[in-house]
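To start, the structure under review is shown below, and the notes come after it.
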There are 2 protein chains.
Amino acid sequence: MVEKNTEEKIIVAAEKVFIEKGLAGARMQEIADEAGINKSLLHYYYRSKEKLFTMVFKIAFKTFAPDLIKAFEGDDDFFVKIERFVFAYLSIIDKNPHIPVFIISELGNNPKRLVDIIGYLDLNVQPVYDAIEEEIKKKMIKEIEPSDLIINVIALCVFPVVAKPIIKNIVFKGSEEEYKKMLDRRKVEAARFVISAIKNTD
Amino acid sequence: MVEKNTEEKIIVAAEKVFIEKGLAGARMQEIADEAGINKSLLHYYYRSKEKLFTMVFKIAFKTFAPDLIKAFEGDDDFFVKIERFVFAYLSIIDKNPHIPVFIISELGNNPKRLVDIIGYLDLNVQPVYDAIEEEIKKKMIKEIEPSDLIINVIALCVFPVVAKPIIKNIVFKGSEEEYKKMLDRRKVEAARFVISAIKNTD
DNA sequence: AAATGGTTTAACCAAATGGTTAAAGTAGTT
DNA sequence: AACTACTTTAACCATTTGGTTAAACCATTT
């Protein structure tokens, strides 16, 4: 048991409830219960549901904005960079498997929310674009739109987790074990798949 | 204006509202308004919100369960099958871009819902597995777990749509046009990417 | 003309919900 | 001892929400 102050306890509880039920489905009482406090105190710290939600959402989003830029700087081989990124990103997802669905759901209900957040994080994808274009110029990889490549890499990481119920039940006939094995395999195989797709064979 | 009976009008209206707001966020009054009827009549046809939602969800899910089996039967070249599937599936998504997020969201909130549905649709993925394994045996494609390949193909189709707000705002800096161009490109490029990844070069 | 099934109106209800208020208690600080 | 910040209790409130009921209306069919 780690001692936590009330503010933190509330955030942790709110995260849990919001991620599980969404903004509309979550109840302030449930968040208070989960935090082991009462509703009055909850409102004492965070004036409204909307404000509390916004905090939680921002935290969740920050956790998941992949640090693409960081992964792609440095002198390492481009393919090694991809391998490292996929492994790192899938490891984060492993630890927080419900966050991607949460973000996608709430952004689906209210895409405007993102506009506020973008300001806080400075996400400049240009360096990654440049790195990809350089590899193309050097004929190390095939011609591809940089944005397409980025989207593909992230898709191969995120989709298996957001579609878990479907994949687990239809592809793996309900086996949690088979599903987990697939996710684990993917930490290496997703990068292999991508590299194999773009590597130049001239 | 096509004349519709009330039952249909309700389903159409319910689809719209549920997809937009989710189960918890949708209001029966709003559905009634959208259908141009009153709440009494709404309950006259569909006794409860939950029942109406279940109907809508099943319809949405059916629309989106990709007909993998159909796409992979026949004598055509395996790579042509992939190309055809990707094109067809992305075209369906084009026409109903909000359904994937809807399914993922609601399944995230209540994964049990899927178990009911699976009975209705007979989804046997075995033939697709077999087809993939045969290609591997014939050394036409590289070694890959069939389930991984299936997941990858669908990920490359679905993810760009479910993550639209993020992709549009971060990758394409808010440009709807650039985003749409990417989706269109993908109808051909996603298959190219996959084929390039798995084609054997021995 | 009577019966039928769909439709409207409008009032109604119980429960839930986000949020408030006020008064009292507690622990540490000055 | 007084002050401060945090915490609890518990009552309270306005609004919303899913759902019901009953009476009347209307068009078609019998």
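Lettering of chains follows the sequences in order, A, B, ..., and the numbering in each one begins at 1. Here the structure is a predicted model, which is why all the values come from computation and not from measurement.
Going from atom CD of B:E50 over to atom P of D:dG19 covers 9 Å, rounded to whole Å. Rounded to an integer number of Å, the gap from A:L42 CG to D:dC6 C1' is 15 Å. Atom P of nucleotide C:dA16 and atom NZ of A:K21 are separated by 14 Å, given to the nearest angstrom. The distance between atom OH of A:Y46 and atom P of C:dT20, rounded to the nearest whole Å, is 16 Å. Rounded to an integer number of Å, the gap from NE2 of A:H43 to C1' of D:dC13 is 13 Å. Here C:dA16 presents its C1' atom at 13 Å from CD of A:E30, a figure rounded to the nearest Å. In this structure, the CD atom of A:Q29 is 17 Å from the P atom of C:dA15, given to the nearest Å. Atom-to-atom, CG of B:N38 to P of D:dG18 comes out at 15 Å; the value is rounded to the nearest Å.
With contacts defined as side-chain heavy-atom distances shorter than 4.5 Å, the pair B:E83/B:I195 qualifies.
Counting non-hydrogen atoms under 4.0 angstrom, B:A26 reaches the backbone sugars and phosphates but no base. Using a 4.0 Å heavy-atom criterion, one finds that B:A32 contacts no nucleic acid atom at all.
Around atom CZ of B:F64, more than 12 heavy atoms belonging to other residues, nucleotides or ligands sit under 6.0 Å away. The 12-atom threshold is exceeded at NE2 of A:H43, counting heavy atoms of other residues, nucleotides or ligands nearer than 6.0 Å.
If you look at A:F18 and A:F102, their ring centroids are not closer than 6.0 Å.
The nucleotide whose nearest atom lies closest to any side-chain atom of A:L41 is, among D:dG19, D:dT8, C:dT7, D:dT8. Side-chain atoms of B:M28 lie closest to D:dG18 of the nucleotides C:dG18, D:dG18, D:dT7.
A residue-by-residue look at A:L23 and B:I37 shows that B:I37 has its nearest nucleotide of DNA chain C further toward the 5' end. Looking at which nucleotide of DNA chain D each of A:K39 and A:G36 is closest to, the 5′-most match is held by A:G36.
Under 3.5 Å, the side chain of A:S40 and the base of C:dT21 form at least one donor-acceptor pair of N or O atoms.
Not one side-chain nitrogen or oxygen of A:R27 sits closer than 4.0 Å to the OP1 or OP2 atom of C:dA16. Close to D:dG19, at under 4.0 Å from its OP1 or OP2, lies no side-chain N or O of B:R47. The phosphate of C:dT7 (OP1 or OP2) has no side-chain N or O of B:Y44 nearer than 4.0 angstrom. The phosphate of C:dT7 has OP1 or OP2 within less than 4.0 Å of a side-chain N or O from B:Y45.
The NZ atom of B:K142 sits 11.0 Å away from the NZ atom of B:K199 when rounded to the nearest 0.5 Å.
Across all strands shown, C:dG5 is found opposite D:dC26 as a Watson-Crick or G-U wobble partner, with both distances under 3.5 Å.
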